[in-house]
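So the structure is just underneath, and the comments pick up after that.
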Amino acid sequence: MCIKYPIPEGVKISYGTAGFRADASIISSTVFRVGILAALRSLKTISVIGIMITASHNQISDNGVKIADPSGGMLTQEWEPFADLHGNAPDPQNLVNLISEFAKKENISFGGDYSAEVLLGRDTRPSGESLLEAARQGISSVVGAVATDMGILTTPQLHWMVRYRNMGKSSLETDYFKQLSNSFRCLMDYIPGEMTASEMDELIVDGANGVGGAKLEVVRNSGREGEGVLNHGVGADFVQKEKIVPSGFGQADVGKRCASLDGDADQFVYFHVLPGSNNKIELVDGDKILSLFALFIKQQLAVLSKEDGRQVHLGIVQTAYANGASTDYLKKLGLEVALTPTGVKYLHEKAYDYDIGIYFEANGHGTILFSASFLSWLETRNKELASTPEVELINQAVGDALSGVLLVEVILRHMGWSIQKWSELYQDLPSRQLKVKVMDRTAVTTANAEAEVVKPTGLQEAINCEVAKYTMGRSFVRPSGTEDVIRVYAEASTQEEADNLAKSVAQHVDRFLGFGSS
Ligand SMILES: CC(=O)N[C@H]1[C@@H](OP(=O)(O)O)O[C@H](CO)[C@@H](O)[C@@H]1O
Ligand SMILES: [Mg+2]
């Protein structure tokens with residue numbers, strides 16, 4: 001095996017919240033190694049595997065790489081420790097030894113009847129093309145392995161293609177769009193009442209100057225010539241964290257229904273612009289998208305179970321970043337709410353526990369999963385009633401901004417709701433997020449779905465003392481899995497209180513772990 005792309009001196013990267021991510025200039029050796037790893041995964045599972053080259057909502061100079069497993073979901077967590085070891089092997093000999101030991105342990109044989117196959121996708125980052133080449137070289141260094149370049153794609157499209165290929169279905173990009181648009185049209189047609197074009201108020205989409213923008217025809221911040229920089233003052237993560245209009249939006253849009261995608265279109269939020277000169281928006285975040293989906297599905301299930309009597313287990317999955325008001329709202333609806341650590345890989349896994357699992361992070365990553373037994377029951381039932389065309393609007397592989405926006409549009413139309421009415425489902429508690437640079441973020445460990453600090457000793461007590469000073473106060477800290485920072489979250493009954501709480505907790509983090517702490 002020929003090992004190209006040596007690891008740069010002193011670089012250590014880990015398979016974090018969503019794969020490896022770092023400045024694009026230091027990541028090619030990692031991407032090459034992920035190519036090898038994906039080919040091994042393909043041999044192990046005798047299935048097609050995916051590699052996506054993206055750094056999502058991060059700045060344009062970053063890039064990253066993640067693996068899609070045969071189901072279209074994230075790489076199994078069981079392989080993450082190996083991904084870490086393999087990604088950081090100091091020299092070629094060490095890497096070859098690691099691979100052969102791992103292959104032996106996992107019973108992977110080379111040169112057998114099945115040849116590994118890996119689908120490759122990348123977002124619009126300028127570093128994407130050369131990194132894709134690094135991945136391709138990594139794949140080709142495994143005997144017989146085949147790499148297929150699927151081109152510039154959104155992250156969910158690549159995951160969807162892997163899933164559909166492994167189901168033996170046609171999985172070209174045109175198939176993806178056909179499925180989405182046919183399902184959307186079909187669901188819209190179910191809604192009683194006619195609407196003329198002028199009655200249909202328009203949706204305005206912010207494409208974050210990324211790949212989502214490139215896939216839509218009518219979009220602002222499309223990333224085309226002269227439209228601005230990827231994720232710079234635009235996109236879902238910016239809108240959710242800053243709560244101000246993205247670039248290209250302003251007072252002319254007051255009150256209109258707007259949606260922001262992120263740089264690789266696996267995350268989305270809605271908003272409407274408030275009147276006034278300060279560019280403030282009313283944010284409709286992932287928690288409210290989740291609440292809309294949950295409410296709609298609960299209503300549909302009530303109709304079904306009245307007719308049929310089948311009890312369907314509906315579960316909601318959130319993280320500690322979920323606004324407290326959303327969790328209260330969902331619980332008051334009588335829904336079961338589970339919390340997991342940050343990262344779609346954890347939420348997605350938990351959502352499998354239910355007949356219907358709806359999961360969302362507050363920043364807009366999420367989807368709805370339907371269990372096989374629920375779908376087959378539904379199919380039998382539909383056949384009894386009337387033949388219904390196959391409707392698959394929701395991407396089952398991973399959260400998908402394009403399919404998510406279409407589902408929101410269907411439900412709002414079904415409910416007859418404006419974005420304002422949707423936004424009033426409940427009132428968000430004011431919150432604030434801060435980042436603190438520390439010497440070693442791995443010094444922080446957490447428990448209880450990241451809501452409590454275990455180490456360093458004493459930090460949780462300090463946070464508790466701050467929280468106790470506020471009504472409705474809540475705060476937690478955790479190491480980011482995508483940036484070299486500790487994240488601080490706080491909420492309280494007023495914005496000023498949430499800001500103060502976050503600030504004082506950030507000061508404790510700095511005192512315990514910052515550069516002046518030793
Ligand atoms: C607070 C926050 O927004 N965290 C994000 C961010 O993870 P961190 O581990 O917090 O850096 O990136 C992840 C991947 O895109 C996303 O899943 C997650 O929600
Ligand atoms: Mg993303």
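Reckoned from all heavy atoms, side chains included, excluding hydrogens, waters and symmetry mates. Worth saying up front: this structure is predicted, and the values here are computed from it rather than measured. Numbering of ligands and ligand atoms starts at 1, following listing order.
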Check each atom of ligand 1 against the heavy atoms of [X] and keep those under 4.0 Å away; list them by number with element.
| X | value |
| --- | --- |
| Arg487 | 1 (C), 8 (P), 10 (O), 11 (O) |
| Gly481 | 8 (P), 9 (O), 11 (O) |
| Arg478 | 8 (P), 9 (O), 10 (O) |
| Ser480 | 8 (P), 9 (O), 11 (O) |

Flag this pair as yes if the NZ/CZ of Arg33 is under 6.0 angstrom from the six-membered ring centre of Tyr5 and inside a 45 degree cone about the axis; otherwise no.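 No, a cation-pi geometry is absent between Arg33 and Tyr5.
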Measure from the ring center of [X] to the ring center of [Y] and say whether it is less than 6.0 Å.
| X | Y | value |
| --- | --- | --- |
| His348 | Tyr359 | yes |
| Trp422 | Tyr270 | yes |
| Phe271 | Phe249 | yes |

Please classify the [X] to ligand 1 contact at 4.0 Å (heavy-atom distances, strictly less than): side chain, backbone, both or neither.
| X | answer |
| --- | --- |
| Lys241 | side chain |
| Tyr321 | side chain |
| Arg21 | side chain |
| Asn363 | side chain |
| Thr319 | neither |
| Ala18 | side chain |

Report the residue from Val205, Asn395, Leu180 that forms a side-chain contact (heavy atoms from CB on, under 4.5 Å) with Leu402.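 Output: one option passes, namely Leu180.
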Let me know which of Lys503, Gln495, Glu496 forms a side-chain contact (heavy atoms from CB on, under 4.5 Å) with Asp499.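 Among Lys503, Gln495, Glu496, the one meeting side-chain contact (heavy atoms from CB on, under 4.5 Å) with Asp499 is Gln495.
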Within the stated cut-off of 2.8 Å, is an N/O/S atom of Asp237 closer than that to the Mg ion (ligand 2)?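 Within the cut-off used here (under 2.8 Å), Asp237 places no N, O or S atom near the Mg ion (ligand 2).
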Do any N/O/S atoms of Thr155 come under 2.8 Å of the Mg ion (ligand 2)?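 Checking Thr155: none of its N, O or S atoms is under 2.8 Å.
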How close does the nearest protein non-hydrogen atom get to atom 16 (C) of ligand 1, and which residue and atom is it?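 Checked against all protein heavy atoms, atom 16 (C) of ligand 1 sits closest to Glu361 OE1, 3.4 Å.
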Where the Mg ion (ligand 2) is the corner point, what angle links OD1 of Asp266 with OD1 of Asp264, to 10°?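 That angle is 90°.
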Out of Asp266, Thr482, Leu347, Val344, indicate the one that has the non-hydrogen atom closest to atom 11 (O) of ligand 1.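 Heavy atom nearest to atom 11 (O) of ligand 1 belongs to Thr482.
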Do any N/O atoms on [X] end up under 3.5 angstrom from N/O atoms on ligand 1?
| X | value |
| --- | --- |
| Gln433 | no |
| Glu483 | no |
| Asp237 | no |

Does some side-chain heavy atom of Phe238 sit less than 4.5 Å from a side-chain heavy atom of Asp262?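 No, too far: nothing below the 4.5 Å cut-off.
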Contact between Tyr470 and Ser493 at the side-chain level, heavy atoms closer than 4.5 Å - yes or no?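 With C-beta onward as the side chain, the pair stays apart.
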Would you call His57 a ligand 1 contact, heavy-atom distance under 4.0 Å?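 A heavy atom of His57 does come that close to ligand 1.
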So, 4.0 Å and heavy atoms of Gln267: is ligand 1 close enough to count as a contact?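 No heavy atom of Gln267 comes that close to ligand 1.
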Less than 3.5 Å apart, any donor N or O on the side chain of Asp510 or His508 sitting next to an acceptor on the other?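 There is no such pair between these side chains.
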For the Mg ion (ligand 2), what is the closest N, O or S atom on Asp262?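 Minimum-distance N/O/S atom of Asp262 relative to the Mg ion (ligand 2) is OD2.
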Which residue in the set Lys437, Arg478, Lys435 passes salt bridge (Lys or Arg N to Asp or Glu O under 4.0 Å) when paired with Glu483?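 Filter result, single survivor: Lys435.
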Sole candidate of Glu202, Glu282, Glu409 that passes salt bridge (Lys or Arg N to Asp or Glu O under 4.0 Å) when paired with Arg257: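 That would be Glu409.
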Could you report the tightest heavy-atom contact between Gln157 and Glu173, atom names first, then the distance?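 Of all heavy-atom pairs spanning Gln157 and Glu173, the closest is NE2-OE2, 3.1 Å.
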If I compare all heavy atoms of Pro8 with all of Ile26, which pair ends up nearest, and what's the gap?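 For Pro8 versus Ile26, the nearest heavy atoms are CG-O, 4.0 Å.
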